[in-house]
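Note sheet for the following structure.
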Number of protein chains: 2
Amino acid sequence: MPEAKNISSSVAASPNTRRPLRIALFGFGTVGSSVARILVDSKPEGLELTHIYNRNVARKKADWIPASVTWTEDAEALLTSPEIDVIVELVGGLDPAGVWVERALAAGKSVVSANKKLIALKGVELENLAVSTGGHLKFGAAVAGGIPVIPGLEQGLSGDRIRSILGILNGTCNFILSKMQTGGEYATVLAEAQAKGYAEADPTEDVGGFDARSKLAILMRLAMRVEVDPEGIARQPITAVSAVDFSYARDLGCTIRQVARAEQKDGAVAASVGPVLVAAQSPLAWSRGTENMVILNGQYGGNVVFSGHGAGGHPTAVAVVSDLLALAYDSRRVRVPSKPAAVDAEFESAHYIRFTVKDRPGIVAEITGALAKEKINIRAIVQKEGFAESALPFVVTVEPCKASALDRALAAIRSQDYLIEPPLNLQILE
Amino acid sequence: MPEAKNISSSVAASPNTRRPLRIALFGFGTVGSSVARILVDSKPEGLELTHIYNRNVARKKADWIPASVTWTEDAEALLTSPEIDVIVELVGGLDPAGVWVERALAAGKSVVSANKKLIALKGVELENLAVSTGGHLKFGAAVAGGIPVIPGLEQGLSGDRIRSILGILNGTCNFILSKMQTGGEYATVLAEAQAKGYAEADPTEDVGGFDARSKLAILMRLAMRVEVDPEGIARQPITAVSAVDFSYARDLGCTIRQVARAEQKDGAVAASVGPVLVAAQSPLAWSRGTENMVILNGQYGGNVVFSGHGAGGHPTAVAVVSDLLALAYDSRRVRVPSKPAAVDAEFESAHYIRFTVKDRPGIVAEITGALAKEKINIRAIVQKEGFAESALPFVVTVEPCKASALDRALAAIRSQDYLIEPPLNLQILE
């Protein structure tokens with residue numbers, strides 16, 4: 001422990017003035033093997049891979065890993081081993097990975113983690129633990145993988161006050177939606193994403209918005225300095241979007257993306273994750289396939305856009321190795337204070353609402369009446385030809401209004417017998 | 001000196017555990033007053049503005065600056081004053097600003113500078129000086145102002161090997177060219193840029209490519225780890241581009257931007273700055289007005305794109321204040337070793353060549369003959385209607401070839417009597 005402490009408080013200007021950081025890699029999957037690949041091939045100064053933990057070493061062991069590296073199935077032993085300075089946690093999830101991170105930090109080690117769920121839920125607590133023991137916690141790979149949004153925020157935008165975040169933070173959803181944009185129903189495109197390894201067998205974590213929600217909570221803390229409960233962030237699955245919505249969106253000059261959105265205004269904090277209409281000419285529509293994008297709006301600096309490969313073994317591994325190099329160079333995080341805050345989804349936004357109805361006279365009058373009651377102005381009513389009267393989709397777009405007012409209007413309509421499925425309500429970003 | 005040394009080697013985890021860094025601002029122009037504005041309004045923890053140097057205090061003195069701040073016209077006295085921890089150098093140029101930076105570092109102080117010319121020419125030397133005295137040199141504002149490219153590179157991409165850089169690094173040129181794209185000749189648009197304060201009375205530094213060249217040299221060192229002589233980077237002024245080129249570019253599905261470009265391949269380093277044809281659908285064409293953009297291509301992480309406001313008081317001030325916060329949090333730079341390298345402009349690229357000729361039979365045969373002699377394949381010959389035969393512009397595009405081969409072919413043509421101005425030769429980025 002005094003050993004580890006000595007490392008973290010060293011004042012060396014370059015890592016070559018002391019022995020390399022000894023690294024234990026936890027998890028040898030896609031990202032873990034990419035991290036090992038970069039460390040072995042690039043040999044970054046100041047870093048030495050010494051241990052690899054995996055549940056099943058016999059199955060994972062790779063012949064290109066130098067013989068000097070110890071493979072083990074005993075995670076516990078590594079957490080307090082005096083031979084190790086840094087744990088790279090790529091296992092994911094809260095248990096056991098979260099427990100391991102905590103124990104490593106408690107032992108005065110530093111931790112580099114790509115675990116968005118853990119950092120979103122327990123980041124502050126773990127950082128405080130690190131400060132108390134002299135370790136360091138870095139998690140540049142937890143959000144947007146190979147795109148340096150976290151270092152960009154901490155090191156380059158700490159002087160600004162970020163007022164809003166717009167993010168395409170989940171590559172799986174972006175692949176699915178940008179593919180649906182060129183034709184194809186959700187189920188077909190999901191199957192393709194699964195075949196390509198872009199989507200899990202159970203895609204809920206991604207398509208349900210859980211993954212993006214964790215990442216958004218992390219960005220909100222670093223950018224807006226608010227600590228919110230990630231589970232309190234409103235989320236809408238992309239599964240509700242179908243080909244007909246892309247067709248209507250195109251007529252409106254838009255396309256659809258899963259957008260993680262947060263805004264701080266007059267002390268209130270709003271955040272949401274879900275499918276959103278974005279202008280076809282806007283930066284958010286540029287990102288195709290599994291790309292990620294983050295747009296930060298600062299009071300002083302205006303908009304800053306980051307984009308690139310948010311996931312995948314190699315891009316994520318770049319973020320991990322960069323965090324390791326920062327540790328080797330004693331580059332501490334710029335950890336500006338944050339505060340707990342409540343979060344709602346009360347954006348003031350234009351909306352796209354698709355109703356699918358069994359047609360009969362008077363439906364439009366009833367819907368527009370319910371909207372009028374909440375003082376919501378209608379922008380357009382669009383109905384494409386070629387659908388059966390028994391399941392007729394048509395779209396109402398409304399001028400910017402509070403989300404809660406629209407929710408009330410839709411709740412009043414929801415029980416009507418003419419609706420054959422619940423209305424699909426999407427924000428329009430302008 | 002022991003005082004300053006104590007600060008720079010402190011191991012505090014948060015700036016609030018010690019007294020704030022005392023800051024002397026050198027230069028109270030657009031950026032300087034924005035830095036002061038953020039420090040006064042936002043009061044970032046750990047930072048205290050104590051001195052402002054300006055050549056003419058009576059003219060600059062602002063009533064919103066707290067009375068606790070000392071105004072002075074005596075720069076020299078501040079450089080060694082024990083009351084000051086950090087010098088913020090916003091004066092620009094090599095002399096006296098460069099001398100001041102050197103003297104401040106020699107006195108063990110830290111320096112935050114936005115001086116691209118100084119950093120491009122003397123960055124390595126000044127960093128080594130800082131390491132030897134225990135000071136720190138930060139220059140996040142020197143390239144792309146409010147866009148965190150430098151921190152993104154140092155902190156988030158150090159784990160990658162960057163193979164190429166494409167940058168829109170000069171807001172003045174981007175304003176002029178993106179405006180010419182929508183119609184208008186160079187002289188008219190330049191006058192508008194000057195009226196808006198986007199261009200200097202003498203615009204040579206910007207339109208000639210000198211400014212972007214310094215910035216590119218800085219990025220090349222941090223990204224590719226090569227130290228090149230900025231004055232050795234090939235440069236072509238944007239003044240040679242006229243409305244007719246935008247018209248031809250449009251027919252080719254392109255537009256024109258000033259692009260700073262560098263590539264590392266098989267040990268050779270190529271770099272250039274100048275007007276370039278970029279696909280209308282490519283990210284480089286997205287940037288409008290004074291925006292900047294940087295696209296880095298990494299061996300492991302693929303493309304990462306940064307964009308935003310590269311200049312202007314507030315965005316640049318965000319970068320300066322962020323650097324100050326990094327100093328306050330003991331966040332040292334990740335300074336991976338770089339090596340001196342030779343640089344040429346030997347890109348393998350497609351080209352657009354506009355010939356303006358006094359028409360007579362046989363011209364095309366002579367030009368294509370000269371290209372054939374260098375084994376350069378022609379892609380297209382385009383000639384728009386409506387020009388006088390006495391000054392007829394037409395365009396030849398060629399398949400990717402070595403820059404030197406094309407230069408030889410054009411040198412052979414250059415002396416021909418039918419040319420009424422030298423051919424305009426632009427790279428086409430694909």
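In what follows, every chain begins at residue 1, and chains take the letters A, B, ... in the order their sequences are listed.
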Quiz item: Which residue out of B:Pro315, B:Gly313, B:Gly308 racks up the most heavy-atom pairs below 4.5 Å with chain A?
Solution: B:Pro315
Exercise. Heavy-atom pairs under 4.5 Å with chain A are the metric here; pick the option from B:Ser42, B:Ser322, B:Gly302, B:Pro44 that has the most.
Key: B:Ser322
Self-check item: Interface residues of residues 156-167 of chain A facing chain B - heavy atom cut-off under 4.5 Å
Solution: A:Gly156, A:Leu157, A:Ser158, A:Gly159, A:Asp160, A:Arg161
Quiz item: Where do B:Pro337 and A:Glu45 come nearest, in terms of heavy atoms and distance?
Solution: CG-OE1, 3.1 Å
Quiz item: Given the options A:Pro148, A:Gly312, A:Ala319, A:Ala141, which has more heavy-atom pairs under 4.5 Å with chain B than any of the others?
Solution: A:Pro148
Exercise. Please look at B:Asn292 and chain A and tell me whether the side chain, the backbone, both or neither of the residue comes under 4.5 angstrom of a heavy atom of that chain.
Key: neither
Practice problem: Output the option from A:Gly146, A:Gly152, A:Ala130, A:Pro283 having the highest count of non-hydrogen pairs under 4.5 Å with chain B. | Solution: A:Gly152
Practice problem: Check whether B:Val336 gets within reach of chain A through its side chain, its backbone, both or neither, counting any heavy atom under 4.5 Å. | Solution: both
Practice problem: To the nearest 0.5 angstrom, please state how far the OH atom of B:Tyr329 sits from the CD atom of A:Glu154. | Solution: 10.0 Å
Quiz item: If you tally heavy-atom pairs under 4.5 Å against chain B, which of A:Val321, A:Asp323, A:Val35, A:Ile38 wins?
Solution: A:Ile38
Self-check item: Spacing of A:Ser331 atom OG and B:Arg335 atom CZ [to the nearest 0.5 Å]
Solution: 13.5 Å
Practice problem: Take B:Asp41 and A:Tyr300, measure what side chain to side chain contact (heavy atoms under 4.5 Å, CB included) needs, and give me the verdict at the end. | Solution: CA-CA 11 Å; B:Asp41 288 1; A:Tyr300 296 104; 3.7 Å; yes
Quiz item: Looking only at heavy atoms, what is the nearest atom pair of A:Ala326 and B:Val334, with distance?
Solution: CA-CG2, 3.7 Å
Quiz item: Do A:Arg333 and B:Gln155 pass the side chain to side chain contact (heavy atoms under 4.5 Å, CB included) test, and can you show the C-alpha distance, the side-chain angles, and the key distance before you say yes or no?
Solution: CA-CA 10 Å; A:Arg333 291 181 45 206; B:Gln155 299 276 337; over 6 Å; no
